[in-house]
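Here the structure is a predicted model, which means the values were calculated and not measured. In what follows, chains are A, B, ... by sequence order, proteins preceding strands, each numbered from 1.
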There are 2 protein chains.
Amino acid sequence: MIFGLLGDRWTTLILLVLGMGTWRHAELRRVLGRLGAEEKISQRVLTLKLRTLEREGLVMRRVVDSVPPKVSYALTPLGADLRQEAERLIGWVNSRAVAIRAAREAFDRSED
Amino acid sequence: MIFGLLGDRWTTLILLVLGMGTWRHAELRRVLGRLGAEEKISQRVLTLKLRTLEREGLVMRRVVDSVPPKVSYALTPLGADLRQEAERLIGWVNSRAVAIRAAREAFDRSED
DNA sequence: CAGAATCCTGTATGATACTG
DNA sequence: CAGTATCATACAGGATTCTG
């Protein structure tokens, strides 16, 4: 994978959503469940992904130690920057979607 | 992952190497083994990756049906285009390598 | 040489239950 | 609410063997 960061099922999507603002864990989880045509992300995996992103300096974690605790997540400047790159790549794919689909169908037709 | 193509261990590297020219299966396999600081790619996985790339219209496969057979691989124009995008992303990471490493070390220090 | 078939293993992801 | 712990599973990747 390019650099072991965007190469998993959820990270890119998380980056995109966090690009829209600041979210608490549960909110973020709900939104991810809708935006992605995929299934819902498990609580455990969301925590893992956020930890990794925080570790890489892409996400900021803010804790308000009340009861119950409030934890919010947002992109760091570095994270916002990477999000732009991700969007660029998504744009690339979208603009080539037709060609790619055509290639796929041609391939599938010819192999039988 | 961004779009399920660059999100694996070998595809990006294959794209980069194929950007350097046309290769036969065994050659390509040898070069991948050196360029990547990683281990050697297995014959099976290389075949799988090349098939996928061919299906997406990114790689062209040319067979000369002699004995033994000669099969060569090269990028299509679409593949060459994607390779550029991949290089851009790699450039992004390289130019931020220091910041990322610093963030990682700060995180590891603070968690104990 | 290129690749198909088999078998095996590690890692990512997921479901569930529990806690500060 | 956010997170941890545990257990279970799916899939990518790898080793080996065989063949046109």
Side-chain angles (χ1 to χ4, degrees), chain A residues 1-15 17-18 22-33 36-56 59-74 107 110-112, chain B residues 1-15 17-18 22-33 36-56 59-74 107 110-112:
Chain A
M1 61 193 83
I2 290 188
F3 51 128
L5 245 189
L6 302 183
D8 64 80
R9 184 170 175 184
W10 294 105
T11 300
T12 302
L13 191 57
I14 293 174
L15 227 55
V17 172
L18 284 181
T22 297
W23 307 80
R24 296 182 59 186
H25 182 103
E27 288 175 332
L28 182 54
R29 197 168 161 230
R30 240 166 302 150
V31 177
L32 287 170
E38 339 203 18
E39 322 222 314
K40 277 185 66 178
I41 186 173
S42 69
Q43 189 187 50
R44 174 174 163 276
V45 173
L46 178 54
T47 299
L48 290 176
K49 294 307 172 191
L50 288 170
R51 281 289 173 288
T52 301
L53 288 169
E54 188 193 357
R55 180 166 184 267
E56 307 290 329
V59 159
M60 224 177 329
R61 178 169 177 268
R62 246 193 44 211
V63 182
V64 177
D65 211 4
S66 51
V67 180
K70 294 189 207 300
V71 183
S72 60
Y73 296 90
F107 182 91
S110 67
E111 55 162 1
D112 293 307
Chain B
M1 61 191 82
I2 290 188
F3 50 127
L5 245 190
L6 303 182
D8 65 80
R9 184 171 175 183
W10 295 105
T11 300
T12 302
L13 191 57
I14 293 175
L15 227 55
V17 173
L18 285 182
T22 297
W23 306 79
R24 298 183 57 186
H25 182 102
E27 289 175 331
L28 183 54
R29 197 168 162 231
R30 240 168 302 152
V31 177
L32 286 169
E38 338 203 20
E39 322 224 313
K40 279 184 66 176
I41 187 173
S42 69
Q43 191 188 52
R44 174 174 164 277
V45 172
L46 179 54
T47 299
L48 290 176
K49 295 306 172 190
L50 288 170
R51 280 289 174 290
T52 302
L53 288 168
E54 189 192 357
R55 180 167 184 267
E56 306 291 328
V59 160
M60 223 175 334
R61 179 167 177 271
R62 247 193 44 212
V63 182
V64 176
D65 212 4
S66 51
V67 180
K70 294 189 208 298
V71 183
S72 59
Y73 296 90
F107 182 91
S110 67
E111 54 162 3
D112 292 307

Close side-chain approach of B:H25 and B:V71, heavy atoms under 4.5 Å = no
Check whether any side-chain heavy atom of A:L15 lies under 4.5 Å from a side-chain heavy atom of A:L6, and answer yes or no.
-> yes
Drop me the distance from A:S110's OG to B:E54's CD, to the nearest 0.5 angstrom.
-> 7.5 Å
About how many Å separate OG1 of B:T47 and CZ of B:R29, when rounded to the nearest 0.5 Å?
-> 9.0 Å
Compare all side-chain heavy atoms of A:K70 with those of A:D65 and state whether any distance is below 4.5 angstrom.
-> no
Tell me, please, the opening and closing nucleotides of DNA chain D, 5' to 3', among those with an atom under 4.0 angstrom from a non-hydrogen atom of chain A.
-> D:dC1 to D:dT6
For the pair made of CD in B:E27 and P in C:dG3, what is the distance, rounded to whole Å?
-> 13 Å
N or O in side chain of B:W23 less than 4.0 angstrom from C:dC1 OP1/OP2 | no
Mind checking side chain to side chain donor-acceptor pair (under 3.5 Å) for B:R61 and listing every partner two or more places apart, or none if nothing turns up?
-> B:Y73
With side chains defined as the heavy atoms from C-beta onward, is the minimum distance between A:T11 and A:T52 less than 4.5 Å?
-> no
Starting from C1' on C:dA15, measure out to NZ on A:K40 and report it in whole angstrom.
-> 12 Å
Residue pair B:R9 / B:E39, side-chain heavy-atom distance below 4.5 Å = yes
When you check the phosphate oxygens OP1 and OP2 of C:dC1, does a side-chain N or O of B:Y73 lie under 4.0 Å from one of them?
-> no
In terms of the nearest nucleotide of DNA chain C, which residue is placed more toward the 5' end: A:S42 or A:P68?
-> A:S42
Taking N or O atoms only and anything under 3.5 Å, show me the protein contacts with nucleotides 4-12 of chain C, one pair per line.
residue: C:dT6; atom: O4; partner: B:R44; partner atom: NE; Å: 3.3

